[in-house]
Structure formats: structure tokens, C-alpha cells
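Heavy atoms only: backbone and side chains are in, while hydrogens, waters and symmetry mates are out. Quick caveat, the model's predicted, so the values are computed rather than measured.
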Amino acid sequence: MVDGRKLAYFVAVAEELNFTRAAQRHYATQSTVSAAVQALEQELGVGLLRRTTRSVALTEAGAAFLPEARAAIEALDRARATVEPERNGLRGSLTFGTLHSIGSVDVPALAGEFHRRHPGVRLRLEISARGTAGHVERLRSGFLDLALVSDAGDDPGLDAVPIRAVPLALFVPADHRLAGQQTVDLADLAGERFIDLPIGFGQRTVIDRAFADARQPRELCVETMEITAVQQYITHGLGIGFMPAGYAGSVPHLRPVRVRNLDLSWTLSLATAAGRSRSRAAQRLIELLPGHIRTDTPF
């Protein structure tokens with residue numbers, strides 16, 4: 001019979017792709033976790049993992065089974081919660097996706113308060129190298145319980161609650177030919193080189209869509225995952241770029257320029273997978289979120 005502990009061990013190995021780290025997550029020995037996963041495979045009659053001396057990977061069956069295993073664990077947690085008094089405290093794990101350099105939510109403070117209130121929950125924070133696109137994929141596959149995403153509110157696979165709209169402005173170096181103009185046309189940007197975030201990040205998606213709609217080509221010379229790095233590359237004259245408008249006036253060597261008929265913005269949201277029940281731990285973190293939203297930051 002498949003039990004919750006075997007499922008939990010399998011999920012940990014699938015997420016870590018490493019038996020040692022999976023065992024550490026559950027304060028168990030590596031041999032215990034390995035034996036439990038092998039027993040699970042025997043009960044199911046199919047291999048869930050491909051193991052070599054150097055790596056662990058999911059089989060096709062394992063990848064298909066993973067979201068169902070997570071759903072089963074959540075169902076067990078919900079069933080336990082119906083008879084377990086709240087005073088006994090929450091248990092289990094919660095994986096929360098956040099974004100690079102986000103300031104609108106004080107994530108360390110939010111995580112700290114959650115940990116103090118619910119020490120029995122193992123909170124794991126994850127930053128995606130692919131930005132919002134990476135978080136959306138992992139929400140759908142069940143790797144993430146909830147995540148901060150940018151400009152993904154229309155995705156039918158997500159339930160997203162808007163937190164803050166972030167307007168964008170074009171910034172150029174102080175000695176740039178456009179620095180003295182308050183307003184320019186999109187055509188005036190022809191031939192310019194741009195600094196931007198990688199494909200998959202919400203801000204990049206918004207900007208690419210606007211230029212594509214206007215049939216205006218755009219040459220990128222630098223892609224970086226950090227908004228602060230975008231700012232620095234523009235300052236040193238490598239190109240121009242769009243950043244949150246809140247930076248206007250706060251960076252001495254950059255000048256904001258308004259692009260006529262081009263009003264760009266993205267929305268920061270808290271997202272969960274559509275149609276998936278939230279665990280008690282996820283609900284508690286969501287309830288704490290409003291106390292850690294900041295409006296005194298550019299984004």
C-alpha cells in the first residue's frame with residue numbers, strides 16, 4: 001500500500017534530484033529515503049527515477065506521477081487538518097517562488113514572520129533563472145505551491161491576485177542624444193541598442209509585445225536578470241532601456257524619456273495553479289502577505 005511517507009520522500013528526491021539533499025529535508029538517512037522510493041516503485045510496478053553514480057533524473061512515468069503525488073500529499077494534509085486542532089501547529093512543507101530584486105514585497109520579512117508563526121512547516125524559497133515563465137511552468141507541474149509573478153494575470157492556468165502595477169519608462173544616459181527631450185516617437189529609437197531582462201521575464205514580455213505590435217525592430221546588446229544591472233549598463237553607455245518609472249530622479253546619470261503613444265506597465269501578482277486546492281500553510285502565507293507589501297520602492 002502506498003503511504004504518505006513514501007510519497008513525501010519521492011517528491012523530495014524529484015525536486016532535489018539528489019538523495020542526500022532529499023534525506024536532509026526529512027531529517028532521514030539516505031538509505032531510508034532510497035529504500036522507501038524503491039519500495040514505492042515496486043508497489044507501482046514502474047520505475048520513477050533513473051539513477052546513475054553521478055545523477056538522478058525523473059523517468060517519463062516519474063514526471064507524470066509527480067504532480068499526482070504532490071496532490072495526494074496535500075489531500076492527506078487537508079484530511080489531517082479536519083481532525084487535528086489548529087493549536088498543534090501546521091506541519092509539512094511550502095515552496096514559494098519569488099523574483100530577482102523584487103522590492104514591492106519584503107520577502108525576507110514575510111518568510112521570517114511565517115517561520116516564527118509556523119516553525120513546523122519547512123519553507124523553501126525559489127528564484128527562477130527564467131523569471132515568470134519558469135515560475136508558471138513549475139506552478140503548473142506542482143513543484144511550486146505559490147509564486148510572485150509579473151504580468152501573468154491573464155494566464156488561464158493560474159489564479160493570480162494583483163499586488164501592484166509597475167509603470168515603465170525609457171531611460172537613457174545623461175549624455176545621450178535623446179537625454180534633452182521629454183518626449184520622443186518610437187521611430188526615434190531606430191538603430192538604438194537596448195539593455196533588457198531575458199526572455200521569460202514579465203517586463204521583457206511586455207516590451208517585446210509593444211515593439212512587435214508597432215512592427216519596430218529592437219536590437220539587444222545586454223541581457224541581465226537584475227534590474228540594478230540594467231541601470232548600471234545604461235549608465236555606462238552600452239545602450240538604453242526600459243525600467244520601472246519609479247527610478248526617475250533617483251539615478252544621477254540617467255534621464256527618463258517619454259515615448260509618445262507607448263504606455264507600458266506590468267503587474268506583480270501572487271499566483272497559484274488554477275483549480276488546485278491550497279494547503280493550510282499556503283493560505284497562512286497568503287494571509288500574511290499584505291503586511292509585507294511596500295509602495296516606497298520602484299518595483
Side-chain angles (χ1 to χ4, degrees), residues 97-105 127-137 147-155 162-269 297-299:
T98 184
L99 298 171
H100 280 277
S101 304
I102 198 72
S104 295
V105 177
I127 297 177
S128 170
R130 296 173 51 226
T132 287
H135 281 340
V136 169
E137 181 179 302
L148 293 173
V149 297
S150 58
D151 209 55
D154 294 334
D155 191 312
I163 295 174
R164 179 183 176 187
V166 180
L168 299 175
L170 178 67
F171 286 83
V172 302
D175 59 354
H176 191 273
R177 65 181 180 87
L178 300 176
Q181 302 185 43
Q182 291 186 344
T183 305
V184 300
D185 290 316
L186 195 62
D188 295 328
L189 306 182
E192 292 290 342
R193 285 152 50 96
F194 285 82
I195 320 294
D196 210 338
L197 304 175
I199 290 175
F201 283 62
Q203 175 172 305
R204 171 68 179 271
T205 300
V206 168
I207 297 169
D208 282 350
R209 186 186 303 131
F211 274 75
D213 290 346
R215 297 184 179 180
Q216 176 73 34
R218 191 167 70 111
E219 178 187 354
L220 270 72
C221 62
V222 177
E223 291 185 355
T224 174
M225 293 188 292
E226 299 283 351
I227 285 285
T228 52
V230 172
Q231 167 191 315
Q232 292 165 0
Y233 284 120
I234 297 174
T235 297
H236 288 285
L238 272 76
I240 65 177
F242 290 89
M243 297 193 306
Y247 276 113
S250 64
V251 185
H253 302 292
L254 296 186
R255 300 290 182 270
V257 179
R258 181 178 176 273
V259 182
R260 189 177 289 109
N261 299 323
L262 190 66
D263 295 321
L264 299 180
S265 68
W266 55 267
T267 300
L268 177 67
S269 301
T297 60
F299 69 100

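Qualifying side-chain contact (heavy atoms from CB on, under 4.5 Å) partners for Pro252, counting only residues two or more places apart in sequence or in other chains: none. Applying the side-chain contact (heavy atoms from CB on, under 4.5 Å) rule to Ala214 yields the partners Leu186, Gln216; only residues at least two apart in sequence or on another chain are considered. Among residues two or more places apart in sequence or in another chain, the salt bridge (Lys or Arg N to Asp or Glu O under 4.0 Å) test is passed with Arg218 by Asp196, Asp208. Residues satisfying the salt bridge (Lys or Arg N to Asp or Glu O under 4.0 Å) test with Glu223, not counting sequence neighbours, are Arg204.
Here the OG1-CH2 distance, from Thr132 to Trp266, works out to 8.0 Å after rounding to the nearest 0.5 Å. Here CD1 of Ile227 is found 12.5 Å from CZ of Phe242. Values are rounded to the nearest 0.5 Å. Distance check: Arg164 CZ to Ile102 CD1 gives 8.5 Å after rounding to the nearest 0.5 Å.
Here salt bridge (charged side-chain N to carboxylate O under 4.0 Å, His left out) pairs that include residues 178-190, with residues two or more places apart or in two chains, are Asp185-Arg260. Within the structure, salt bridge (charged side-chain N to carboxylate O under 4.0 Å, His left out) pairs that include any residue of residues 233-246 do not occur (at least two apart or interchain).
Between Leu268 and Leu99 there is a side-chain heavy-atom pair separated by less than 4.5 Å. Side-chain contact check for Phe299 versus Ser101: some heavy-atom pair is nearer than 4.5 Å. Side-chain contact between Phe211 and Leu189 is present, with at least one heavy-atom pair separated by less than 4.5 Å. Inter-residue side-chain proximity for Leu170 and Leu262 is flagged as unmet; no heavy-atom pair is nearer than 4.5 Å.
Results of the side chain to side chain contact (heavy atoms under 4.5 Å, CB included) test with Arg255 over Leu178, Val172, Ile240 single out Val172 as the only residue that passes.
For His253, the NE2 atom sits in a loose shell: 12 or fewer heavy atoms of surrounding residues, nucleotides or ligands are nearer than 6.0 Å.
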